[in-house]
There are 2 protein chains.
Amino acid sequence: MESGRATVRDVAARAGVSATTVSRVIKGDYPVAQATRTRVLRAIRELDYVLNAHARALSGAGTKMVAFVLDDVTGPSFAYVAKGVEQQATAEGRLCMVCTTHGDPARELAVVEAMREQRADAVILVGGGTLDDAYRERMSHFAHALDKAGSRLVLCGRPPLGDDVPSTVVEYDNEGGAYAMTSHLLSQGHRHIALIGADHPGQASTTKIDRLRGFVRAHESFGVPYDPALIVPAGFGRADGHAAARRLITLGARFTAVFAATDMVAIGVLAALREAGLRVPEDVSLAGYDDIPLAADLSPGLTTVRIPTDELGRTAVRLALDRRQPQHVVLGTHIVVRDSVGPARTLSER
Amino acid sequence: MESGRATVRDVAARAGVSATTVSRVIKGDYPVAQATRTRVLRAIRELDYVLNAHARALSGAGTKMVAFVLDDVTGPSFAYVAKGVEQQATAEGRLCMVCTTHGDPARELAVVEAMREQRADAVILVGGGTLDDAYRERMSHFAHALDKAGSRLVLCGRPPLGDDVPSTVVEYDNEGGAYAMTSHLLSQGHRHIALIGADHPGQASTTKIDRLRGFVRAHESFGVPYDPALIVPAGFGRADGHAAARRLITLGARFTAVFAATDMVAIGVLAALREAGLRVPEDVSLAGYDDIPLAADLSPGLTTVRIPTDELGRTAVRLALDRRQPQHVVLGTHIVVRDSVGPARTLSER
DNA sequence: TCTACGGTAGAAACCGGTAACTATCGAATG
DNA sequence: CATTCGATAGTTACCGGTTTCTACCGTAGA
C-alpha cells in the first residue's frame, strides 16, 4: 500500500523469492509451489503492486492493443462501428485506442504513424478514404510497415488499396444497398427520383460513387432513364440535404421521390419538403441510407438502407487478429421499409 | 526500408554515431552538429525507423496517454464528451484510450485497473456513477493509487467521491438547468407541470435527483405548489417517456406542460401526446434536457437545456493535466428556447 | 603557452518485465 | 549407493530508449 510504484523486485523481496517467481505467479504458466504462490500474492496485495504494461510489452509479449481511427466520434454510424470494435477487442483481451482525424488525410497519416510507435496489434481505419495517389502510396507504405512488424492495417468500410498491399478489408455493399433501394422506389412506380448527396466533382468519395452506381444500375435494370438534373451533389449532413432539396424545389424540378444519400441528408430533405408544403409520402416519397437510430423515430418512419455497423467493427477486429480468416469480406446491406415511401403519384396530380 | 523493426542502435550504426546521438536528434533537446543530424535523419528515413513508444515510456518519459471510460460509446451525449476529450488530449500531445463498461461497476473497476497498468496520465470516468459503498471505497483506492503514481482520476459529469480523495471533478449544473427550465415554464403561465423521468425509488441516480431538485426549487421560488402526482419516475429512454406520458394521459391527469428529464424521454412524450391528439405547444408545452443534436430537428423544435458536453470533455483533460488549475469545477447549463413551449392555456380550454 | 570553456559525442547504467538457462533438492530407479 | 528425473526457484541477459557522467576538441582568454 505504500508506494504505488512497486516493481516485481519489490514484491519478490517482500515475499522472499526472486523476480522470476513473481512473474511466473502472475502469468501462471509455470509451476510454482502453492505456499510460494500464496506468499507472492499476499506481497502483491500488500504493496498494491500493478504490473507495468510497457515493460511487459517491451520484453516480448505483444501490446494487446487495437487502434481505431475515424473521422469524428460523433458521426451517427461511426459510433456503432466503434462499439463493435470495442466489443470484439475486449472479447479478445485487447485494449482499444481511438483517434480522430476530422477528415484530414495528413492527420490520418500522422495518427497511423503514432500507432506504429505504439506497436498496436491492429490499426483499423474507418470510413471515407481519399483516392489521392500520394496518399494511397503513403498508406500502402504503412500497410507494409505494419505487416513487417507483425501488425495489421484494416480498412473498414473503405475500398482496398491494391492487391499487393498486405491489409485486411471489411466493406459493406454500398452499391447493392443503393441498387435495392432504388429498385424499391422504381417498383413503387416512381419514375422521377432525385438522388441528393451524389458525388461532388473534385473530391471523390468512394461511398458516394458506389451509391450513385447502384442508383444508376437499378434504373438500367428497370429500363428507366434517369434525369441527370435530379442527381444533385451534396455533402452528407443535414444542412446539405436541406439546402439541396430547397434548391431543387425552387428550381421547379419534377420528381416524385427523393433518395437521400444518408439519413442525415434525408432529415434535411424532410424539413425542406415540409417547408414547401409537401407531405411525405403522400406527395413525395423519401428514402435514406444508413438506418441511424433516429430513422425509426422520425415521422413518418424513414425507409432506409441498413448497414451492419457494429458487425463491421467486430469483423474488422476478428479478421485482423486471426489471419487464417479470409482477409477481404463484403458485408451485406438491406433495406428497411418504414413509412416514408409510398406509391408514386403522377406528377400532374401534384 | 528493410526491417520494420529497426532500433536506435541500427540507426546509429548506419549513421556512424552512437545510440545516444540518435536519441538526441529525435528529441531535439540537446545540441547536435548539423552535419551529424543530417546523417542521422537520413539513416532514420532509409531504415524507416519508428520509435518504440513502450521503450520510451519505460525509461522515464511519461506515457502521453489519456484514458476515457464510459458506459456506451453510442450514448447520445457521451459521444460529444468523447469528442471533447479527444480534442483536448490531442491538443496536449496525448493519445486517447477508450473503454466501455456497459454500466457494470465491476467492469469499470477492472478497466481502471488496466489503465493503471498502462500508466495513463489521466483516467477519465464519464457519466452515471454508482452510489454503492463498496464501490466508492474501491474507487477511492484507485484515486489514491493513481495519485501516488503521478496520474489522476477524473470524475466527469458525476459527483465527487469525498473530500480526502485526490481526484479532479468536472460537473455540470444539473439542478440549475432544471431550475431555469422550470422557471421558464412557470413564467409562461404554466401551473400544472408534469416532470417525467424523476427518480425511481431504489436506484438512486444523482442526475435524476438534481434535476428533480431544480424543478422543486423553481416552484418554491415562484410560490407555486407542485402536484406530486405529476412527478413520475421513469427511465431515460424514448420508450420510458412514451409509456409514462401515455399513462398520465390515460389517468386523466391535469397538466399544461411536460418537462421531460431527457430529450430522449421528450421524444417519447411527444409521440404519446400526438397519439392522444394533443398539439405541441398549442395544447401542451414540452421541454427536454440535454439538447441532443436531434432536438433542433424535431417538429416542433424542442425547447431544452443545453449541457456543455464537449466542454465537459475538454475541461476534464485540461484540469487533469495541469494541477495548478482548480480541481473541481461546475460548468453552467442554459436553456435553449425553440418552439415546443408556449404560453399556458387554461385547463378548461382544453 | 597554459587554462578554461562551449560545443559535441560516446559509454554505461537503468527503466521493469520476461525468457532461456542453471541450480538445487528429494524421490525414484537401476 | 550412485544416477536420474521431476518439481521448483534463481541467475542473467535482453527488450529499446533515455539519462547521467565522461571525454574530447578547438579556441578564446589569462
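Everything numeric in this text was worked out from a predicted model, so none of it was measured. Side-chain atoms are counted along with the backbone in the values below, which use heavy atoms only and exclude waters and symmetry mates. Each chain gets a letter, A, B and so on, in the order the sequences are listed, and its residues count up from 1.
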> Taking protein heavy atoms under 4.0 Å as touching, what does nucleotides 7-16 of chain C look like 5' to 3' if B marks base contact, S marks sugar-phosphate-only contact and - marks none?
Replying inline: -BBBBB--BB

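A donor atom on one side chain and an acceptor atom on the other are found under 3.5 Å apart for A:Ser18 and A:Thr21.
Nearest heavy atoms, A:Arg158 versus A:Val126: NH2-O, 3.9 Å. Minimum interatomic distance between A:Val330 and A:His328 (heavy atoms only, all atoms of both residues): CG2-NE2, 4.2 Å. Among all heavy-atom pairs drawn from A:Asp10 and A:Ala6, the shortest one is OD2-CA, 3.4 Å.
As a whole-Å value, the separation of A:Leu47 CG from C:dG17 P is 12 Å.
Look at A:Lys27 and you won't find any side-chain N or O under 4.0 angstrom from OP1 or OP2 of C:dG17.
A 4.5 Å side-chain heavy-atom check between A:Val165 and A:Met139 finds every atom pair outside the cut-off.
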